[in-house]
Protein chains: 2
Amino acid sequence: MKRPTIADIAGRAGVSRSAVSFALNDQPGVSEETRQRVLAVASELGWRPHSAARALRGGRAGAIGLALQRPARLLGAEPFTMELISGLESELSARSCGLNLQVVEDTEAEIATYRRWWAEHRVDGVIVLNLRDDDPRVGVLEDLHLPAVVIGGPAGTGTLPSIWSQDAAGMTDVVEYLAALGHRRLAHVSGDPNMRHIVDRADALREVCRLRGLPEPTTVRADYSDEDSAQATRRLLASPDRPTAIIYHTDLTAVTGLEVALEMGLSVPDELSLVAFNDSRLCRLVNPKLTALAHDIPGRGAQAARMLFAAIESGPGADSQPAEPYRLLPRGSTGVYRTR
Amino acid sequence: MKRPTIADIAGRAGVSRSAVSFALNDQPGVSEETRQRVLAVASELGWRPHSAARALRGGRAGAIGLALQRPARLLGAEPFTMELISGLESELSARSCGLNLQVVEDTEAEIATYRRWWAEHRVDGVIVLNLRDDDPRVGVLEDLHLPAVVIGGPAGTGTLPSIWSQDAAGMTDVVEYLAALGHRRLAHVSGDPNMRHIVDRADALREVCRLRGLPEPTTVRADYSDEDSAQATRRLLASPDRPTAIIYHTDLTAVTGLEVALEMGLSVPDELSLVAFNDSRLCRLVNPKLTALAHDIPGRGAQAARMLFAAIESGPGADSQPAEPYRLLPRGSTGVYRTR
DNA sequence: GACGGCCGTGAAGCGCCCGACCATCGCCGA
DNA sequence: TCGGCGATGGTCGGGCGCTTCACGGCCGTC
């Protein structure tokens with residue numbers, strides 16, 4: 001089975017290759033009649049443009065890139081990435097644009113991937129995840145003039161457009177909600193403090209507590225692992241003035257925290273309330289169900305894809321946009337604090 | 001910033017373009033000295049082959065394709081896909097080969113994607129998931145001569161090499177284990193009966209029960225949704241001769257099942273044992289932890305990638321291979337059945 | 001009859017690979 | 001001594017499929 005080329009079409013339709021090209025690309029230079037004839041032959045032969053030839057000619061690669069900087073174990077566990085991908089896809093497939101995926105070890109490898117993609121003309125643009133402070137990726141992408149959209153920010157993205165989740169607002173909502181329930185001693189199990197949004201949350205937490213006259217909240221760090229988050233929760237709950245409510249940076253971490261709390265004989269939510277950033281099925285599978293800050297991740301993926309297309313088509317300088325705000329979904333894991 | 005081409009290297013090194021090409025591709029025809037000089041200049045300029053030009057020249061596209069036929073919500077929830085991808089990647093990145101991802105609606109769309117990828121020269125081969133009976137994808141890929149590796153089988157994959165999970169063996173292990181614990185009435189919440197491996201499991205279950213003289217097991221169907229699997233479990237447990245052990249086709253479904261059982265006041269594992277196909281963090285997050293049949297998914301992804309490379313390089317006719325067998329991981333959700 | 005608009009053709013070239021060809025040199029046999 | 005020959009190390013140029021610029025007939029119009 002041989003792939004048909006425009007030369008084949010030209011032969012069959014009795015016109016030159018250029019005419020075929022014009023016809024197929026809706027360019028002027030051929031009569032309507034010829035155009036129709038060419039289109040008919042093309043669809044009869046099942047012609048499709050050879051992506052490499054197009055790309056070589058200086059056009060688009062017809063694909064965007066997504067580098068995932070995550071260990072294998074984690075990729076499976078957390079739903080974020082896949083939901084984001086499916087959101088991206090919804091926009092991509094509409095424009096029959098491909099998605100190039102690459103799992104990378106660290107930032108250095110990620111940057112190497114961007115350089116390679118750029119040099120090999122593999123992608124027309126990339127989506128950047130998990131912005132950090134002074135993120136070196138931003139500068140590299142700017143230098144390469146490789147269109148990119150950052151999911152994160154809005155600060156520190158340089159000239160790259162970004163789509164930023166309103167983390168401070170989300171955290172504020174949670175704290176006000178918890179305060180209204182009578183909680184005063186709050187704690188926060190947070191992620192990598194180099195990540196922009198993690199810092200935003202911690203800052204917001206402190207700020208709102210200050211404004212509301214609540215005691216200084218505790219922030220401890222835990223990565224995504226079982227052990228780490230269990231340990232963090234254990235430490236918090238073992239302290240003499242233990243918090244009455246804990247906010248977790250992920251659903252995964254929160255679920256582990258809930259296990260630990262129950263294990264330690266605490267009643268949730270009577271003696272301890274728990275809230276998770278990121279909602280997922282996980283939050284509804286545990287008992288009591290976890291109160292969560294939900295996000296429309298596929299929606300954000302779609303939004304990012306649209307922004308990236310805009311950046312690819314009209315060059316840099318596009319505006320950053322906020323993502324849809326977090327929605328607080330109160331469930332069984334939060335309630336009025338009852339002193340014994 | 002301009003991407004350097006071999007012409008640039010040729011100019012700087014004072015040789016012809018062909019010489020550069022020979023040098024860069026480890027072909028004979030240049031002296032060792034020239035080769036070194038060319039390589040030095042190339043790395044100095046940061047040259048990388050233009051993937052499109054290579055592909056156009058008749059070479060490889062330098063990427064493989066993976067079409068995911070799954071609704072967005074689900075992709076996030078189940079860890080399988082991402083673990084598989086990370087396994088694929090481990091092999092791909094070693095050969096600096098890309099991964100093209102596409103989320104598709106249904107089989108028809110998936111086939112259209114394969115045709116498109118083929119016609120556009122976008123991928124050198126594909127990984128096919130979730131083989132069904134009389135799967136139309138097999139014939140299409142054979143016709144296109146598009147190298148492919150099927151994850152599933154081993155029956156019904158035509159000339160395509162496959163990597164098949166030993167579902168019957170896994171199921172047999174579970175049943176023997178449950179029988180040893182004293183269980184007699186078994187039930188099975190199964191997935192889409194069009195899927196090969198799902199049928200294999202159901203067949204094995206019936207067969208082992210027959211051999212062991214256990215009563216005919218019940219098999220009910222449930223898709224991945226919360227409601228569906230909850231409903232299936234509820235029905236099973238509401239029946240007068242309700243099963244004492246239930247085997248679920250996914251961790252996700254099993255977790256939902258556990259919730260339902262606890263909700264109905266059953267004690268797990270005293271009155272009901274639960275086992276899940278597919279292990280994941282989910283199984284360890286619930287209480288009691290779920291007994292599961294574990295699989296090394298990233299390992300399977302890597303294996304599939306290696307097979308696909310072999311198929312791409314040496315044409316069809318490669319052998320199918322079994323995946324590593326399931327490992328039964330007994331946890332808190334299974335135990336001796338205690339009649340009240 | 002010059003001119004402009006419309007259709008269409010020819011050819012170049014994107015970056016890379018590779019088959020065909022060529023220059024040089026050392027070696028051998030007449 | 002010298003022509004011929006093979007090996008070595010390199011150049012030339014075509015072509016993969018597609019786009020696009022420059023041009024050239026053809027017709028109708030002023």
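The structure presented is a predicted model; accordingly, all values stated were derived computationally and were not measured. A note on names: the letters A, B, ... follow the listed sequences, proteins ahead of strands, and every chain is numbered from 1.
Protein atom CG of A/Leu45 is 12 Å distant from nucleotide atom P of D/dC18, rounded to whole Å. Rounded to whole Å, atom P of D/dT19 lies 4 Å from atom CZ of A/Arg54. One atom, CG of A/Asn25, and another, P of D/dG17, lie 17 Å apart when rounded to the nearest Å. With rounding to whole Å, A/Arg37 atom CZ is found 13 Å from C/dC7 atom P. Residue B/Leu24 contributes atom CG, which lies 14 Å from atom P of D/dG10 at whole-angstrom precision. Nucleotide C/dC6 holds its C1' atom 13 Å from the CZ atom of A/Phe22, rounded to whole Å. Per the geometry, CD belonging to A/Gln27 stands 9 Å off P belonging to D/dT19, to the nearest Å. Rounded to whole Å, atom C1' of C/dC14 lies 12 Å from atom CZ of B/Arg3.
Nucleic acid contact for B/Pro49: sugar-phosphate only, since backbone atoms but no base atoms lie under 4.0 Å from a heavy atom of the residue.
A donor-acceptor contact under 3.5 Å links the side chain of B/Arg57 to the base of C/dC17.
Residues from residues 4-20 of chain A that place a heavy atom under 4.0 Å from any atom of DNA chain C, listed by number: A/Val15, A/Ser16, A/Arg17, A/Ser18, A/Ala19.
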Margin query: Applying side-chain hydrogen bond (donor to acceptor under 3.5 Å, both in side chains) to A/Gln102 and A/Arg116, what does each step give before you reach the verdict?
Written below: CA-CA 12 Å; A/Gln102 173 106 10; A/Arg116 188 169 59 80; 3.2 Å; yes
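Using a cut-off of 4.0 Å between Lys/Arg side-chain N and Asp/Glu carboxylate O, A/Asp192 and A/Arg132 are scored as salt-bridged. Under 4.0 Å is where a charged nitrogen must lie from a carboxylate oxygen, and between A/Arg137 and A/Glu110 at least one such pair does. Between B/Glu120 and A/Arg54, no side-chain nitrogen of the basic residue sits less than 4.0 Å from a carboxylate oxygen of the acidic one, so the salt-bridge criterion is not met.
Between A/Ser31 and C/dC6 there is no side-chain N or O to OP1 or OP2 distance below 4.0 Å.
Under 3.5 Å, the side chains of A/Arg3 and A/His50 contain no donor-acceptor pair of N or O atoms. Donor-acceptor pairing under 3.5 Å is lacking for the side chains of B/Ser18 and B/Ser21.
Results of the side chain to side chain contact (heavy atoms under 4.5 Å, CB included) test with B/Val123 over B/Ile312, B/Asn100, B/Thr113 single out B/Asn100 as the only residue that passes.
The side-chain tip of B/Arg95 points at the ring of B/Phe309 from less than 6.0 angstrom away and within 45° of straight on.
End-to-end axis angle of the helix from C/dG1-D/dC30 to C/dA30-D/dT1, from C1' rotation axes over five pairs per end: 80° (rounded to 10 degrees).
Looking at which nucleotide of DNA chain D each of B/Val30 and B/His121 is closest to, the 5′-most match is held by B/Val30.
Legend: residues meeting side chain to side chain contact (heavy atoms under 4.5 Å, CB included) with B/Ala61, ordered by chain and number and at least two apart, are B/Asp124.
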